[in-house]
Participant: 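This structure is in structure tokens; I'll ask about it shortly.
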Protein chains: 2
Amino acid sequence: MVETTRRREIEEAASSLFRERGYSGTSVRDIARALDIQGASLYAHVTSKQDVLWSIVERMATRFETSATAASAAVGSDPAAQLAALVRNHVLVVTDDIERASVFVHEWRALSSERRTEMARRRDAYERRFRTVIAAGTDAGVFAPVDPNVAAAYVLTALNGMVAWYRPGGRIGPEVLADSYADLSMRAVLAKGTVPGGPA
Amino acid sequence: MVETTRRREIEEAASSLFRERGYSGTSVRDIARALDIQGASLYAHVTSKQDVLWSIVERMATRFETSATAASAAVGSDPAAQLAALVRNHVLVVTDDIERASVFVHEWRALSSERRTEMARRRDAYERRFRTVIAAGTDAGVFAPVDPNVAAAYVLTALNGMVAWYRPGGRIGPEVLADSYADLSMRAVLAKGTVPGGPA
DNA sequence: CCTACCGATCGGTAGG
DNA sequence: CCTACCGATCGGTAGG
């Protein structure tokens, strides 16, 4: 599917509706109504409702992946700095596109089985970045002796939980939020008395 | 509606399906099939699909509320001990009924508007317990100077995030998990150099 | 708890 | 992008 303006508008309207009502709770006609066209007219631009979900989820997955890689590369190998960079980056991606991020977090289960399997793999690889860096910090003694799987799940679900409450333009901006979440996450895993490694 | 065995079985099957596919993604016939009866036969026991969702969500809400109150009362007024008790309690409620807990966390949005409003109010009151105790700790200087709203959201979404990955009978039991999550949460908010207040 | 059935809505196609 | 339409499925009711 070529990427047209209309196509982008459909994805945007769908993201908003999928966030509010879920994929199953949103009909093709709901999406069309948001764009003031007929339900059947959507199919001039997309091949299926499932494809719209896929492009939303896939786009966000790629964004999380590439920007995590960039954030990681920007800070050197210190586990504390690495974790802070991953957390800050994640918050910034979420706040930058809260609707697609929400769909990414909650609706990937509605993907058809092949795509769902691919996404499960990519999500797992993403979570592994957190596990690995936490394990490294724990081994180095700079982090408390936490179970890296539990700690990574804890931090990552806290980050993803943002999609449930964050609204753009609110009291707290993305940068402040990124710092707060990084502070909370660093403290959660740091050994007592350690000085937190700040963001890059 | 009287609480019969059959009624309980329906709620159980529905919890499992709602968790897997969401409320909108689950049909009345899906629930019936899980119980080896006809779709229409369900209506001998429930008045609507919506009522099944409500009883699941309401039951869990009450469980979270009453057991948080009990946990809070069991530990004295020290903010650190209070927060640890709230976290431990939450983890234990979630792990004790992971399927209903998952529906409670994710599907309350599918409630009809009146019930949804009530649940929003009760969820907010529950979150306020966390905010209040965090604010008290921050004021007392035992917690780091975090924004209580942000910190409470962080901790509570991490706790609720358990429904996405926890499976009963796994490597880590509920008690160990409750301790781990309490440790992570305490460290996240404690001021540097403070000795964590343990669970009750 | 069953059979038989209801109107409404679903995702999607045909053919312009 | 529209009208007209498809078969399938939806939540729920009637009447046993």
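Within every chain, numbering begins at 1; the chains are lettered A, B, ... in the order of the sequence lines, protein sequences first and strands thereafter.
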Participant: Is the shortest side-chain heavy-atom distance between A/I98 and A/R19 below 4.5 Å?
Facilitator: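 A side-chain contact exists here, since the closest heavy-atom pair is under 4.5 Å.
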Participant: Under the side chain to side chain donor-acceptor pair (under 3.5 Å) test, which residues partner A/E107, sequence neighbours left out?
Facilitator: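 A/E107: no side chain to side chain donor-acceptor pair (under 3.5 Å) contacts found.
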Participant: Nearest-Å distance, CG (B/D36) to C1' (C/dC1)?
Facilitator: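 So the two atoms are 13 Å apart, to the nearest Å.
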Participant: If you check every side-chain atom of A/Q38, which of D/dC2, D/dC1, C/dC2 has the closest atom?
Facilitator: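 When the side chain of A/Q38 is considered, D/dC2 is the closest of D/dC2, D/dC1, C/dC2.
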Participant: Quick one about B/N160 and B/H90 (side-chain donor to acceptor, distance below 3.5 Å, no hydrogens or angles considered), yes or no?
Facilitator: yes
Participant: What string of B, S and - do you get for nucleotides 11-16 of chain D, 5' to 3', if B is base contact, S is sugar-phosphate-only contact and - is no contact with any protein heavy atom under 4.0 Å?
Facilitator: BBB---
Participant: Any donor and acceptor pair, going by atom type alone, linking the side chain of B/S41 with main-chain N or O of B/I37 inside 3.5 Å?
Facilitator: no
Participant: Using whole Å, what does the distance between atom C1' of nucleotide C/dC1 and atom CZ of B/R7 come to?
Facilitator: 17 Å
Participant: Which stems, defined as runs of 3 or more consecutive Watson-Crick or G-U wobble pairs with both pairing distances under 3.5 Å, involve DNA chain C?
Facilitator: C:1-16 with D:1-16
Participant: Side chain to side chain donor-acceptor pair (under 3.5 Å) with A/S48: which residues, sequence neighbours excluded?
Facilitator: none
Participant: List, one per line, each side-chain donor-acceptor pair under 3.5 Å for residues 140-150 of chain A, sequence neighbours excluded.
Facilitator:
unit_1 : atom_1 : unit_2 : atom_2 : d
A/D147 : OD1    : A/N149 : N      : 2.8
A/D147 : OD1    : A/N149 : ND2    : 3.3
A/D147 : OD1    : A/V150 : N      : 3.4

Participant: Rounded to the nearest Å, what distance is computed from the CG atom of residue B/L42 to the P atom of nucleotide C/dT3?
Facilitator: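 Taking CG of B/L42 and P of C/dT3, I get 14 Å after rounding.
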Participant: Measure from the side-chain N and O atoms of B/Y23 to the backbone N and O of B/Q50, and report whether any donor-acceptor pair falls under 3.5 Å.
Facilitator: yes
Participant: Once you round it to whole Å, what is the distance between P of C/dC10 and CG of B/D30?
Facilitator: 17 Å
Participant: Specify the separation, in whole Å, of atom CD1 of B/I37 and atom C1' of C/dC2.
Facilitator: 10 Å
Participant: Apply side chain to side chain donor-acceptor pair (under 3.5 Å) to B/D124 and list each qualifying residue two or more places apart in sequence or on a separate chain.
Facilitator: B/R128
